[in-house]
Number of protein chains: 2
Amino acid sequence: MNIGEVAERANLPAKTIRYYEDIGLVRPLRDANGYRAFRETDVHKLVFLGRARALGFSIEDCRTLLALWEDRDRASGDVRRLAKNHLAQIERKIDDLKDMRDTLKDLVRACAGDDRPDCPILSSLARGDQ
Amino acid sequence: MNIGEVAERANLPAKTIRYYEDIGLVRPLRDANGYRAFRETDVHKLVFLGRARALGFSIEDCRTLLALWEDRDRASGDVRRLAKNHLAQIERKIDDLKDMRDTLKDLVRACAGDDRPDCPILSSLARGDQ
DNA sequence: CCTTGACCTTCCAGCGACTGGAACCCCTAT
DNA sequence: ATAGGGGTTCCAGTCGCTGGAAGGTCAAGG
C-alpha cells in the first residue's frame with residue numbers, strides 16, 4: 001500500500017506519516033522502486049497514533065503507548081498512569097485558559113470599543129492589575 | 001538600568017528580554033561598554049508585554065497592542081476587536097481540551113489499572129471509537 | 001514512443017517563543 | 001592579580017509538523 005492510500009485510511013497527511021517514520025514510530029517496508037510499502041499493521045499503528053495525538057498525547061507518550069499496545073504482557077496500570085498524568089496536564093491547561101478567559105472577558109466587557117482612545121484593556125495591561 | 005534589574009522588575013528572564021529586542025519589541029539604548037541601557041519606558045513596555053503574553057496574546061498581537069498603547073489617537077474599538085478575537089480563540093481551545101479531558105476521564109475510569117494486560121484505553125485507541 | 005499528470009522520493013528551511021550553552025568581555029572587591 | 005558575578009554575541013535545540021524545491025516512477029492517452 002502506498003503512502004497516499006495510507007494517508008487517507010489513517011486520516012493523516014502523508015508528510016506526517018513520513019515524519020513518523022523518520023522518528024521511528026512506524027517502519028514500513030520498501031518496494032523495489034523506493035516507494036514505502038505499508039502493511040495492515042502499519043496502518044493500524046498510524047490510526048492508533050492519530051487517535052492518541054488527537055487526545056493530546058505527546059509524541060513520546062505515543063511511542064510509549066504504542067510499545068505498551070504491542071506488549072502482550074503489559075500491565076494496564078502503566079497505561080492508566082500515563083493517561084492520568086496526561087489528564088492532569090490537560091486539566092491544568094484548562095484552568096490556565098479559564099483564568100485568561102475570565103480576565104479577557106472582563107476587559108472586553110469594560111471596553112467601549114468605539115473610536116475614542118480610552119481603553120480599559122490597555123490601561124489594565126499597563127497597570128497590571130487584572 | 002542593566003538587563004538584570006530590568007528582568008527582575010519586569011519579571012521576565014533576561015534571555016526573553018534580549019529576544020524581545022531582537023524582534024524589535026523594545027529598543028534599549030547602549031552604554032559605552034556595550035551593555036543595554038534600559039529607560040523607565042522600556043521597563044513599562046516589558047511589563048506590558050509580560051502581562052499581554054500572560055493573557056495568551058501572540059507576539060504579533062503584542063506588537064499591535066504595544067503600538068496601539070503608544071498611539072494616543074487609537075480607537076478603543078481596535079483594541080477590543082483584537083481582544084475579542086483572542087478570547088474566541090481561547091474559548092475554542094478550552095472546548096477542544098474539554099473534549100479531550102472528557103474522553104480521557106472516561107477511559108481512565110474504565111481502566112482497572114492493575115497488573116493485567118487488558119486495557120480499555122489501548123483498545124479504544126486501537127478501535128478508534130470516539 | 002512520447003508526453004502528461006498524478007503520484008512518489010529526499011532534503012532543507014521555517015513556524016512560535018523562547019531556552020541552553022559556549023566563548024568571551026566588563027566591573028568591583030579583595 | 002584574581003575571583004566572582006554581571007554582561008555580550010551567536011548557534012543550536014525544543015515540539016510536531018508543514019512547505020517547497022528538485023527529481024524519480026508509473027499508467028493512460030495520442
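Protein chains get the first letters and strands the later ones, always in sequence-line order, with residue 1 at the start of each. Basis for what follows: all heavy atoms, side chains included, without hydrogens, waters or symmetry-related copies.
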Q: Report the end-to-end axis angle of the helix from C:dC1-D:dG30 to C:dT30-D:dA1; each axis comes from five terminal pairs, and the value is rounded to 10°.
A: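 Answer for the end axes of this duplex: 40°.
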
Look at atom [atom1] of [X] and say whether more than 12 heavy atoms of other residues, nucleotides or ligands are closer to it than 6.0 Å.
X	atom1	value
B:Arg39	CZ	yes
A:Asp106	CG	yes
B:Asn11	CG	no

Q. Is any side-chain N of the basic residue among B:Arg81 and B:Asp78 closer than 4.0 Å to the acidic one's carboxylate O?
A.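 A salt bridge is present here (some side-chain N lies under 4.0 Å from a carboxylate O).
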
Q. Can a salt bridge be assigned to the pair B:Glu21 and B:Arg30 using a cut-off of 4.0 Å between side-chain N and carboxylate O?
A.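 Salt bridge present between B:Glu21 and B:Arg30.
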
Q. Just checking B:Ile3: base, sugar-phosphate only, or nothing, at a heavy-atom cut-off of under 4.0 Å?
A. sugar-phosphate

Q. Using a heavy-atom distance cut-off of less than 4.0 Å, which residues of residues 27-41 of chain A contact DNA chain C?
A. A:Arg30, A:Gly34, A:Tyr35, A:Arg36

Q. Can you give one letter per nucleotide of nucleotides 11-18 of chain D, going 5' to 3': B for a protein heavy atom under 4.0 Å from the base, S for sugar-phosphate only, - for none?
A. -----BBS

Q. Of all nucleotides in DNA chain C with an atom under 4.0 Å from a non-hydrogen atom of chain B, which is the first and which the last going 5' to 3'?
A. C:dA17 to C:dC27

Q.
Any heavy-atom pair between the side chains of B:Arg36 and B:Asn2 that's under 4.5 Å?
A. no

Q: State, yes or no, whether a side-chain contact exists between B:Leu87 and B:Glu91 at a heavy-atom distance under 4.5 Å.
A: yes

Q | Contacts of type side chain to side chain contact (heavy atoms under 4.5 Å, CB included), residue A:Leu97, not counting sequence neighbours | A |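 A:Leu97 satisfies side chain to side chain contact (heavy atoms under 4.5 Å, CB included) with A:Met100, B:Ile90, B:Lys93, B:Ile94, B:Leu97 only.
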
Q. Starting at CD of B:Glu5 and ending at P of D:dG5, how long is that distance when rounded to a whole Å?
A.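 It works out to 19 Å between those atoms.
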
Q) For B:Asp22 and D:dT9, what is the distance between atoms CG and C1' respectively, to the nearest whole Å? A)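 To the nearest whole Å, that distance equals 10 Å.
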
Q) Under the salt bridge (charged side-chain N to carboxylate O under 4.0 Å, His left out) rule, what pairs show up with a residue in residues 5-17 of chain B, not counting sequence neighbours? A) B:Arg9-B:Glu40

(Q) Tell me the closest heavy-atom pair linking B:Ala83 and A:Ile121, and the distance in Å. (A)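 Distance-wise, the nearest heavy atoms are CB-CD1, 3.9 Å.
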
Q) To the nearest 0.5 Å, what is the distance between CG (B:Asp114) and OG (A:Ser76)? A)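 B:Asp114 atom CG to A:Ser76 atom OG measures 4.0 Å (nearest 0.5 Å).
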
**Q.** Single-linkage hydrophobic cluster A:Leu66~A:Phe38, side-chain heavy atoms < 4.5 angstrom
**A.** yes

Q. Yes or no on side-chain contact (heavy atoms from CB on, under 4.5 Å) for A:Leu12 and A:Val47, after CA distance, side-chain angles and deciding distance?
A. CA-CA 8 Å; A:Leu12 288 172; A:Val47 170; over 6 Å; no

